[in-house]
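To keep things clear, I will list the structure first and then write my remarks on it.
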Protein chains: 2
Amino acid sequence: MPQKPDVREDELDSRAREVLREVVLQHVATGEAVSSRSLARGGRFHLSPASLRNAMADLEDLGYLQHPHTSSGRVPTDRGYRFFIDHLMQSRRLSQQERDVIDGQVAHASEVDEVMHLASRVLSRLSDQVGVVFMPTLHRLTMRSIDFILVAEGKVMCIIVGTNGMVVNKIVETRQGFTRDELEKISRYISGEYAGLALDTIRRRLIQLTAEERSQVDQAMHKALALGIGAVEDLMPMEHELFVEGTASILNKPDFANAGVIRKTFLALQEKEKLVEILNSCLNEDGLQILVGSESDFTHLHNFSLVARRYGSESAPLGMVGILGPMRMEYARVAPLVDYLGRALSRKIEEEEQHD
Amino acid sequence: MPQKPDVREDELDSRAREVLREVVLQHVATGEAVSSRSLARGGRFHLSPASLRNAMADLEDLGYLQHPHTSSGRVPTDRGYRFFIDHLMQSRRLSQQERDVIDGQVAHASEVDEVMHLASRVLSRLSDQVGVVFMPTLHRLTMRSIDFILVAEGKVMCIIVGTNGMVVNKIVETRQGFTRDELEKISRYISGEYAGLALDTIRRRLIQLTAEERSQVDQAMHKALALGIGAVEDLMPMEHELFVEGTASILNKPDFANAGVIRKTFLALQEKEKLVEILNSCLNEDGLQILVGSESDFTHLHNFSLVARRYGSESAPLGMVGILGPMRMEYARVAPLVDYLGRALSRKIEEEEQHD
DNA sequence: CTCTAGCACTCCCGCTACGCGAGTGCCAAA
DNA sequence: TTTGGCACTCGCGTAGCGGGAGTGCTAGAG
């Protein structure tokens, strides 16, 4: 877990907090640096620009604000945003429509790929940022049933249904020939014997079994075990761990006015390993998480923030959903979105489990 | 089919052709406008800059070249590229390594999604451009076998294997409850009865059957037919018709120096309908196809070219593979790449068919 | 002690002018 | 038909010049 800077709540008096808050809101809204005048014009303070200037200067000394040039307004720092998020932000409630969209999408999905696609897309669309969905490897997935279907000579499709209702499938190549009947028997055998266990446990047991009873088991059994091992091993690495959707949508933001920034950002988004690492490190934390700017040491993505949340049952987290956008984003709007989607997914998964 | 401009081969004498050719090559290599001096320096002509200027001026009058400003070198027009591609280009042979990469990837793929992903990725990587792979709807896919697997109450996974070895699968929701045995019977029945027919034919026949024998057939049969129809209909629209991969790779090209161009390009790439339309219109043509700049009326993608080729057996084309890049691209390198991948895919599909 | 008005100072930004360099077009001579 | 020469045209980078916005500081008012 990347550490957050030490931001004590009591460091700022009530005026300073109000000013910081207003600066963040205004800067997020306009994208411009905020001047003392424009703050005064805002009408929320009955103070002259000069007084506000003093307050802002103090905030700057404390590291909550900075100004790019001598003669331009102020902009929040990472630390400023952090304080805002922790102590000043009032999350907006989701509109009925937004909730409907999320619920609707979640209700449909059943196959893994579909779920991840839908989730990242819905986040990206509703937030107008980049949606990311991450699923750790399937090692921990507990199996409800497994099926083998012959699709061609030497090719068997393997379908695993998890106890959480998740469905994954993959075609495995096998040198040995199988008949449909054989495959059915194998499906039944493994389903019956190993239901409720995690994939990596199943794999271990199968291998154990092969070794132990090397010569005792008949040849048919051998073939069955080999197929089972192959299938589970093929499925576990799961290449598409990370879905990133809506990269184009950030192009419309004024923050991406020049080509260099765009280039860097896209290249960074392409390198998924780092992002996976960060998301993975958040997997143990409960509740909504917000990483601001440099807090996630995603070096290529300066002034980006990540708003993410774990999903899956509490005991066995399945992955993370979240959005990625410029540090200057509407946290109050985005945060509840991510939170709601994470909850909706988790709820669905729990239902599936009980339904079993 | 977008029409190509009328470019007669005999319009240019041998000097003009050589000059045009050299201009294209140099411009593609450097990205700069080509001046008469740099042509002369190239050493391929034993002529002074002044003579080359005359030749270039003639080419400009005929519409093969243009110059952006009064005082800068010349750049090929769409028409110039067209002539170059049709009459002047010498395709480079693929390196052994490139062929190995393509063959290796093609050998693996079996499931539809996988094939399309791999193909677009390999094209994008080898050409350093945007790879596109397009598959028209599955209406014409001829079925070898169909399988129904129960994955949860009310959810049945349907797997269709085509005579060309292609495998597609989808989970269909059904209100009626099915037992595993019932599903197996249905699989067998439909596989036996309809093997070798196209999906849309199968769909028609199933519907016909339901209507005809409305009251005569027993209830089990009814359920079976309904499930079959549902599955086929669910599968046919196939949302992921178009795969676009490697959009980030074009960011490195100098052609994308300013943000406006990038923005436009990415937005255009996002609108897949238009691209689908263009690829669809090329589906009837045989062999490698190159559309230069405005020839494909992809209005948002000015000065982009499309190099594409049909794949699948001759009688039943399956789709298009191709790459999309700036008009200023190395056609001699890209063209054989696309061609080879298309052939490799087609060959594989034909093998699968005979193997049946 | 706090707030505010005033003022000097800094720095960004857009505009214009200028000169250089690259390239062309044309003409006249070889 | 080719070539050298020369005038002309632009694009581009640089420098210089206000104007404007915003700050920091100080002194005076409440």
Side-chain angles (χ1 to χ4, degrees), chain A residues 12-20 22-24 26-27 29-77 80 254-255 257-259, chain B residues 12-20 22-24 26-27 29-77 80 254-255 257-261:
Chain A
L12 302 181
D13 61 16
S14 92
R15 169 177 299 176
R17 303 165 125 237
E18 277 306 300
V19 169
L20 174 55
E22 214 55 30
V23 169
V24 169
Q26 210 173 110
H27 179 246
T30 65
E32 313 276 308
V34 181
S35 72
S36 55
R37 294 237 342 221
S38 67
L39 266 197
R41 261 201 310 269
R44 299 186 57 87
F45 301 98
H46 296 170
L47 293 173
S48 74
S51 306
L52 293 169
R53 272 206 289 282
N54 288 329
M56 289 164 89
D58 293 347
L59 282 168
E60 185 172 357
D61 289 342
L62 291 170
Y64 294 101
L65 296 180
Q66 71 187 108
H67 55 179
H69 321 292
T70 318
S71 80
S72 200
R74 260 109 172 172
V75 163
T77 60
D255 312 58
N258 77 72
Chain B
L12 301 182
D13 61 16
S14 94
R15 169 175 299 175
R17 302 165 126 236
E18 276 307 301
V19 170
L20 175 55
E22 215 54 31
V23 170
V24 170
Q26 212 174 106
H27 178 246
T30 65
E32 311 277 308
V34 180
S35 73
S36 55
R37 292 229 355 211
S38 67
L39 266 196
R41 262 201 311 268
R44 299 186 58 87
F45 301 98
H46 296 169
L47 293 172
S48 74
S51 307
L52 292 170
R53 271 208 289 284
N54 288 329
M56 290 163 90
D58 292 347
L59 282 168
E60 185 173 356
D61 290 342
L62 290 171
Y64 293 100
L65 297 179
Q66 70 187 104
H67 55 180
H69 321 292
T70 317
S71 81
S72 198
R74 259 108 175 175
V75 162
T77 60
D255 311 59
N258 77 72
V261 176

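- In this structure, B/D58 and B/V19 have side chains that are not in contact, with every pair of non-hydrogen atoms separated by 4.5 Å or more.
- What you find for B/P76 and B/V24 is that their closest heavy atoms are CG-CG2, 3.8 Å.
- With sequence neighbours excluded, the residues forming a side chain to side chain contact (heavy atoms under 4.5 Å, CB included) with B/E18 are B/R21, B/R44, B/F45, listed by chain and number.
- Here the closest heavy-atom approach between residue A/H67 and residue A/G73 is recorded as CB-O, 3.1 Å.
- Counting heavy atoms from C-beta outward, B/L65 and B/V34 have side chains that stay 4.5 Å or more apart.
- Taking atom CG on A/D58 and atom C1' on D/dC25, their separation rounds to 14 Å, with Å as the unit.
- Distance, B/L39 CG to D/dT3 P: 14 Å, rounded to whole Å.
- Regarding A/D61, its CG atom lies at a distance of 9 Å from the P atom of D/dG24, rounded to whole Å.
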### Query
Along nucleotides 11-30 of chain C, 5' to 3', which nucleotides get a B, which get an S, and which get a -, given that the test is a protein heavy-atom distance under 4.0 Å?
BS---------BSBBB----
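- Atom CG of B/L52 and atom C1' of D/dT1 are 14 Å apart (whole Å).
- Taking 4.5 Å as the limit, every side-chain heavy atom of A/Y64 sits out of range of all side-chain heavy atoms of A/V23.
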